[in-house]
Amino acid sequence: MRYLRLSFLLSFLLLIYSGCDNDDPDTFNEPYFTIDVDARGYEEWIFITNTSGGLVGYKQIPKEGVSIQLTKRIAPLSGQINVYVMGISQDGLKRSFFCNAYLGLETGQTYRNKQPLPQGRVNEINSDVRVAYAPKSAVFHWSPTLGTTRWIAWDTTYFEGKKITSNRDLVACFTAESMMYADIENVPNPQKFRYPDDFKEYDHQIEVPTGINPSGIVTSAIDPGMTYFMLVYSTTDFEKLEFNKTIKLCYLNGFDTYFTSYNLGTKSFVMNGDIPTVEEASIPDYDVSVTNKSLFNFSADVPAEISHRRSTYNYEEAMGGKQNIYRVSVYSVNASAYQFDLSLPKEFRDAYSEISFSDFEYGGTTFEQTSIQNGYKNVVLRQLDNTLVPLEGYTYTYYSN
């Protein structure tokens with residue numbers, strides 16, 4: 001009886017001890033990181049550290065691709081992890097190394113590292129568009145982008161190119177007074193338009209004050225299997241039209257999803273989903289600055305609205321006709337500061353002894369404020385999974401060199 005009591009007491013104490021020490025590497029077996037990787041023809045490594053920089057686990061990914069689930073811990077782990085994806089590829093005399101660091105991810109998540117899907121054959125036809133009587137000061141947007149040429153003869157502006165038959169296309173004519181468009185049909189014969197008789201007003205037009213001249217203005221509609229570019233114009237066009245530093249964004253009805261983007265110096269706006277309001281399309285005038293550019297001890301002065309950042313580092317070597325290219329991208333949920341601290345295992349350091357992280361030079365940082373739910377996690381998903389559909393919402397991006 002005494003033996004049974006002693007055995008029960010020891011079992012009870014052992015149960016209490018094991019329940020209080022869940023960070024013991026030998027007792028914790030639940031997965032803390034899962035990633036599905038496609039075949040890619042070169043090797044990759046996954047390294048996981050805790051927020052103190054201690055190496056928690058790592059795995060070499062075969063070229064054939066595999067689903068990896070990390071469970072056993074080398075070091076204690078809290079609710080967040082840093083994930084480092086490293087790849088090394090060889091193309092003739094060119095050897096490329098990359099490291100994508102994702103700092104501050106939640107544990108227990110599943111990610112996909114997919115290759116872009118091969119594009120199918122594009123059906124295209126020759127397209128010939130002629131616009132008569134347009135003002136010589138007008139700016140045109142011609143949506144087919146394959147081998148397009150344009151010239152003016154007498155009172156007619158000519159466009160020739162190849163039209164993708166699955167896309168809806170238009171020719172737009174912009175002046176300082178009006179922005180109008182005409183649809184292009186899926187026929188190879190010349191299509192003739194007279195300005196302004198054959199042109200129509202856009203269904204929606206919003207004006208966004210910018211203060212400076214923007215660039216890369218694009219509005220489009222996205223339906224399954226089709227992209228419809230409704231508006232594309234550049235800084236040169238903007239200056240020619242004399243819009244007085246106000247962007248004009250134009251849209252047509254009848255689509256479920258719209259895409260809008262423009263650049264404003266070191267700032268940019270991107271929205272996927274609805275047509276933006278003027279307030280949504282107006283980029284907040286935030287000041288961002290990097291105070292320490294170091295890969296290992298980065299810091300920045302940014303407003304609280306900034307949700308995450310991406311910093312790049314790189315260097316190149318050329319010796320005897322051979323070229324080595326090294327790239328590091330650091331994605332961090334903490335935009336103001338987050339430590340890059342990777343302790344590589346000996347087997348990796350022995351195999352790739354030429355890689356020295358102290359040699360990397362700072363390339364620049366982008367900071368983002370986004371309305372997308374779980375913004376940072378979805379940034380990581382979009383980076384890892386090339387097939388992921390853009391999420392609905394808007395994002396303001398600020399660049400600092």
More than 12 heavy atoms from other groups under 6.0 Å of [atom1] on [X]:
X      : atom1 : value
Asn253 : CG    : yes
Asp197 : CG    : yes
Asp350 : CG    : yes
Glu305 : CD    : yes

* Asked: Which one of Phe98, Tyr331, Phe340 satisfies the ring pair (Phe, Tyr, Trp, His ring centres under 6.0 Å) criterion with Tyr84?
  -> Phe340

Does the [X] side chain pair with the main chain of [Y], one donor and one acceptor, at a distance under 3.5 Å?
X      : Y      : value
Asp198 : Arg194 : yes
Asn334 : Ser336 : yes
Ser353 : Arg349 : no
Ser52  : Gly54  : no
Gln205 : Glu207 : no
Asn374 : Asn378 : no
Thr175 : Ser178 : yes
Thr365 : Ser400 : no
Tyr202 : Met230 : yes

Taking the side chain as everything from C-beta on, heavy atoms only, tell me whether [X] gets closer than 4.5 Å to [Y].
X      : Y      : answer
Thr110 : Ile35  : no
Gln109 : Lys377 : yes
Ile46  : Ile61  : yes
Tyr338 : Val333 : yes
Arg130 : Gln191 : no
Val208 : Phe269 : no
Tyr228 : Ser220 : no
Lys63  : Arg40  : no

Output the distance between atom [atom1] ([X]) and atom [atom2] ([Y]), rounded to the nearest 0.5 Å.
X      : Y      : atom1 : atom2 : result
Ile88  : Ser96  : CD1   : OG    : 10.5 Å
Ser89  : Ile325 : OG    : CD1   : 9.0 Å
Lys192 : Thr156 : NZ    : OG1   : 9.0 Å
Ile74  : Leu55  : CD1   : CG    : 4.5 Å
Ile48  : Leu342 : CD1   : CG    : 10.5 Å
Leu295 : Asp359 : CG    : CG    : 11.0 Å

Is the shortest distance from a Lys or Arg side-chain nitrogen in [X] or [Y] to a carboxylate oxygen in the other one below 4.0 Å?
X      : Y      : answer
Asp38  : Arg112 : no
Lys293 : Glu361 : no
Arg95  : Glu354 : yes

For [X] and [Y], work out which heavy atoms get closest and say how close.
X      : Y      : value
Leu103 : Gln339 : CD1-O, 3.9 Å
Pro214 : Ile217 : CG-CD1, 3.9 Å
Ala75  : Asn50  : CB-ND2, 4.0 Å
Gln80  : Gly104 : NE2-O, 3.6 Å
Thr370 : Ser307 : CG2-OG, 3.9 Å
Gly87  : Glu44  : CA-CG, 3.9 Å

* **Residues Phe174, Phe140; criterion ring-ring contact (aromatic ring centres under 6.0 Å, His included); working and verdict** => CA-CA 6 Å; Phe174 309 147; Phe140 285 93; 8.5 Å; no

Please work out which of the three classes, parallel, tilted or perpendicular, describes the rings of [Y] and [X], given edges at 30° and 60°.
X      : Y      : value
Tyr258 : Phe255 : perpendicular
Phe348 : Phe47  : perpendicular
Phe97  : Tyr326 : tilted

Would you confirm whether the ring centroid of [Y] sits within less than 6.0 angstrom of the ring centroid of [X]?
X      : Y      : result
Phe367 : Tyr398 : no
Tyr195 : Phe193 : no
Phe357 : Phe296 : no

Using only heavy-atom distances, determine whether the side chains of [X] and [Y] contain a donor-acceptor pair under 3.5 Å.
X      : Y      : answer
Arg310 : Ser329 : yes
Tyr58  : Glu347 : yes
Ser299 : Thr291 : yes

* To do: Kindly indicate, with the supporting measurements, whether the criterion side-chain contact (heavy atoms from CB on, under 4.5 Å) is fulfilled by Cys173 and Met180.
  => CA-CA 5 Å; Cys173 185; Met180 305 176 72; 5.5 Å; no

* To do: Please lay out, stage by stage, how Tyr262 and Val218 fare under the test side-chain contact (heavy atoms from CB on, under 4.5 Å).
  => CA-CA 6 Å; Tyr262 71 88; Val218 175; over 6 Å; no

* If you draw the axis of the six-membered ring of Phe298, does the NZ or CZ of Arg309 fall within 45° of it and under 6.0 Å from the ring centre? -> yes

* **Val131 and Phe199: CA distance, side-chain angles, deciding distance, side-chain contact (heavy atoms from CB on, under 4.5 Å) verdict** => CA-CA 10 Å; Val131 181; Phe199 283 74; 3.9 Å; yes

* Give the C-alpha distance, both sets of side-chain angles, the deciding distance and a yes or no for side-chain contact (heavy atoms from CB on, under 4.5 Å) between Thr395 and Ile372. => CA-CA 8 Å; Thr395 299; Ile372 298 173; 4.2 Å; yes

* To do: Quick one: do Tyr251 and Thr260 satisfy side chain to side chain donor-acceptor pair (under 3.5 Å)? Show the steps, please.
  => CA-CA 10 Å; Tyr251 303 88; Thr260 306; 2.7 Å; yes

